[in-house]
Amino acid sequence: MAQRQGPGSPLGSLVAIGVVVGVGAAAFAYTAGWLSPQRLTPERMVAALGAPMPADLGHRRNHAKGLCFTGWFQANGNGVALSRAALFVAGSYPVVGRFNLGTPNPDAKDASARVRGLSIQIKPPGGQEWRSGMINAPFFPVSTPQDFYQLLTASGSKDPGAMPGFVAAHPGFVKFGAWAQTGPWTGSYAEERYNGLNAFRFVDASGAVHPVRWSMLPAAAPVSVDPATLDAGGPDLLEQDITKRVQAGPVRWTLQVTLADASDQTADPSEPWPDGRRTVDVGTLLVDQVQAEADGPCRDVNYDPTVLPDGIAVGDDPFPAARSAAYAVSFDRRTAEAADYPRTAPAPAPAPAPAQSGAETPAQGNKP
Amino acid sequence: MSATRASRFTPLQRGLHWVMALCILAMLFIGVGMVSTITQSHLTLVSIHKPLGLAILALVLVRIAVRLRSGAPGLPADLPAPMKLAARLSHYAFYALMLAMPLLGWGMLSAAGYPVTVLGFTLPPILPQSDSLHSLLWTAHRTLAFAFFALILLHLAAALFHALVRRDGVFEAMGPAVR
Ligand code: HEM
Ligand code: HEM
Ligand code: HEM
């Protein structure tokens with residue numbers, strides 16, 4: 001064999017090869033976070049949700065109790081000046097959504113959850129879609145995803161000093177505590193205002209960027225109820241209430257977009273913008289059917305807030321990215337655990353699932 | 001240079017090999033990096049992962065066509081048969097992985113019901129939405145990614161072994177320049 005004379009013994013070469021391979025493997029392990037136990041990975045974030053209780057297999061790792069709905073988003077066309085997204089062009093577009101409770105426990109009593117959520121997936125024709133998860137709290141408890149992790153760790157800790165320690169280190173949390181303690185309760189999902197809280201960027205047809213937040217404003221007048229009365233209504237009173245209402249006729253919200261002033265920060269969902277900011281009502285959410293989650297169309301949807309159409313973009317708010325990463329872990333796990341959360345009806349034929357294939361979006365305006 | 005082999009891979013083959021090697025290594029690091037962070041770079045990395053992965057799918061189709069047309073230089077006659085077999089099998093495995101990984105990624109997003117948006121374009125789903133399919137493809141994408149990286153390390157070690165220890169011209173057949 002044509003061995004070339006040259007410097008370097010085979011032993012030296014073998015060592016060099018070993019070093020190259022070792023460095024490559026170490027760089028990979030480092031990038032994957034395997035060498036950084038303190039890195040806040042999506043897995044660690046999800047593990048902190050609901051800890052120390054074991055996860056409920058097959059269910060969402062947060063906002064675990066919920067009810068699917070379907071309906072329509074009726075755009076009035078006012079959003080077109082702010083965003084070039086197709087769903088703002090006047091018309092009616094199908095929605096798959098989910099009423100939910102801010103708890104990792106899928107069997108929680110409805111009256112036990114302070115935070116109530118509304119998730120929507122709007123599919124205008126063209127294949128692009130918008131997903132958003134909103135909650136009834138007027139602001140988020142903390143400023144950053146890292147602080148949220150610390151809040152989860154503290155509230156799941158056995159150490160009686162953990163929560164007071166967290167509050168002392170995060171004075172802004174007091175505001176959320178006050179809302180949780182003294183804010184009004186309603187007896188219906190239909191009477192809640194749901195807030196997107198995170199700031200995003202609307203991009204209009206000219207390419208101009210408008211920093212925004214959005215909310216769903218209920219058509220039903222909120223009636224304040226005493227939490228003790230709610231508790232007497234049974235574990236599923238909110239689900240029973242909304243089912244009854246929707247059976248009686250469509251339940252509505254107005255999608256309202258709030259525009260930031262140039263002076264407003266857009267990175268901290270715990271700080272609402274001052275009152276008096278310009279708002280634009282861009283359309284109406286109309287809910288006309290509800291379905292149990294186990295075999296409902298929202299079951300296998302990940303309401304990842306970064307699934308955005310062209311015309312809506314993520315800005316400097318760190319939450320959408322953190323939520324996207326964490327929701328994916330939750331979704332990956334619960335889809336793998338589907339056997340632990342059986343469907344109550346026989347699984348639909350493998351033909352395209354009606355709610356999921358953008359291709360069969362009904363023609364605009366044919367409903368309701 | 002006293003290479004024992006007369007021919008080398010064609011310049012096009014060598015170009016494809018090295019460009020794709022860089023892209024694939026980048027994809028593996030981007031992949032494990034993006035699923036291990038909750039910072040804004042999660043979204044940035046995902047937005048690179050999808051188009052780069054699909055570019056690899058396009059490139060490997062070209063590469064397979066070129067390989068079928070141009071062939072490959074033979075391995076040195078004195079290379080032990082088991083090594084030759086290992087080389088051949090590992091190369092087949094590479095072609096299979098280069099094809100499978102992007103298709104698994106695309107299929108996994110389809111089965112999850114996510115819109116497959118790449119550089120502003122929305123690609124059609126290649127599979128129906130299904131939780132069991134999603135979880136199968138997700139596991140395959142992840143497991144095969146790690147297998148891919150392990151195979152690359154082995155391939156790298158073998159290439160360097162040819163270059164530094166055996167000095168038999170195998171490395172030069174794919175290497176960037178003739179000395
Ligand atoms: C870093 C902070 C956050 C983390 C780690 C987190 C975590 C999670 C997780 C793991 C899920 C279950 C996802 C799934 O399996 O599909 C979820 C659902 C949800 N989250 Fe968050 N979340 C965060 C911030 C927020 C914020 C700021 C809001 C409200 C503005 C929000 C509202 C919701 C809603 C409404 C759902 C229910 C989605 C559905 O119906 O599937 N979350 N969250
Ligand atoms: C040569 C091509 C590809 C390679 C080498 C590759 C590699 C990887 C790796 C290493 C991971 C991280 C796995 C983990 O640690 O859990 C990953 C995850 C992922 N890949 Fe790829 N990938 C490729 C192509 C694609 C394509 C074309 C797409 C989509 C169009 C895609 C979508 C994804 C997604 C969505 C994830 C995150 C999955 C999750 O955890 O939810 N990949 N990929
Ligand atoms: C990162 C991903 C890589 C992939 C997917 C890859 C893939 C391949 C494939 C499929 C072949 C066989 C070509 C054929 O016969 O059609 C090949 C050959 C070769 N590769 Fe790589 N390669 C990678 C990285 C590397 C690296 C880092 C090196 C060296 C440091 C290297 C050195 C070589 C050499 C010397 C050959 C020629 C072997 C022969 O003559 O049969 N490759 N590679």
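Side chains included, hydrogens not; waters and symmetry mates left out as well; all remaining heavy atoms used. Proteins get letters first, then strands, A, B, ... in listed order; numbering begins at 1 in each.
- Both the backbone and the side chain of A:Ala336 come within contact range of chain B, each with at least one heavy atom under 4.5 Å from a heavy atom of that chain.
- Neither the backbone nor the side chain of A:Asp310 comes within less than 4.5 Å of any heavy atom of chain B.
- Contact of A:Thr306 with chain B is made through the side chain alone, with heavy-atom distances under 4.5 Å.
- For residues 30-46 of chain B, the interface with chain A (any heavy-atom pair closer than 4.5 Å) comprises B:Val32, B:Gly33, B:Val35, B:Ser36, B:Thr37, B:Ile38, B:Thr39, B:Gln40, B:His42, B:Leu43, sorted by residue number.
- For A:Val307, the part lying near chain B is the side chain, with the backbone staying farther off; criterion is any non-hydrogen pair under 4.5 Å.
- Residue-level contacts of residues 17-29 of chain B with chain A, in order of numbering, are B:Leu28, B:Phe29; threshold 4.5 Å between heavy atoms.
- Legend: ring-ring contact (aromatic ring centres under 6.0 Å, His included) pairs involving residues 48-98 of chain B, not counting sequence neighbours, sorted by first then second residue: B:His91-B:His155, B:Phe94-B:Phe148, B:Phe94-B:His155.
- Between B:Arg8 and B:Pro73, the closest heavy-atom pair is C-CG, 3.9 Å.
- For A:Val314, the part lying near chain B is the side chain, with the backbone staying farther off; criterion is any non-hydrogen pair under 4.5 Å.
- In this structure, chain B has a heavy atom under 4.5 Å from the side chain of A:Arg299, while its backbone stays farther away.
- Between B:Ile64 and B:Met98, every side-chain heavy-atom pair lies at or beyond the 4.5 Å cut-off.
- Among all heavy-atom pairs drawn from B:Gln129 and B:Ala112, the shortest one is NE2-O, 3.3 Å.
- Closest approach of A:His59 to A:Pro106, counting heavy atoms only: ND1-CB, 3.5 Å.
- Comparing B:Leu160, B:Leu123, B:Leu127, B:Leu156 by how many heavy-atom pairs each has under 4.5 Å with chain A, the most go to B:Leu160.
- Only the side chain of B:Phe146 comes within contact range of chain A, with heavy atoms under 4.5 Å apart.
- Taking all atoms of both residues into account, the shortest heavy-atom contact from B:Pro115 to A:Gly127 is CB-O, 4.2 Å.
- Nearest heavy atom pair, residue B:Val170 against residue B:Pro76, reads CG2-CD, 3.4 Å.
- To the nearest 0.5 Å, the span separating CD1 on B:Ile126 from CE on B:Met108 amounts to 10.5 Å.
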Solution key, residues 24-37 of chain A side-chain donor-acceptor pairs under 3.5 Å, sequence neighbours excluded:
residue	atom	partner	partner atom	Å
A:Thr31	OG1	A:Ala27	O	2.7

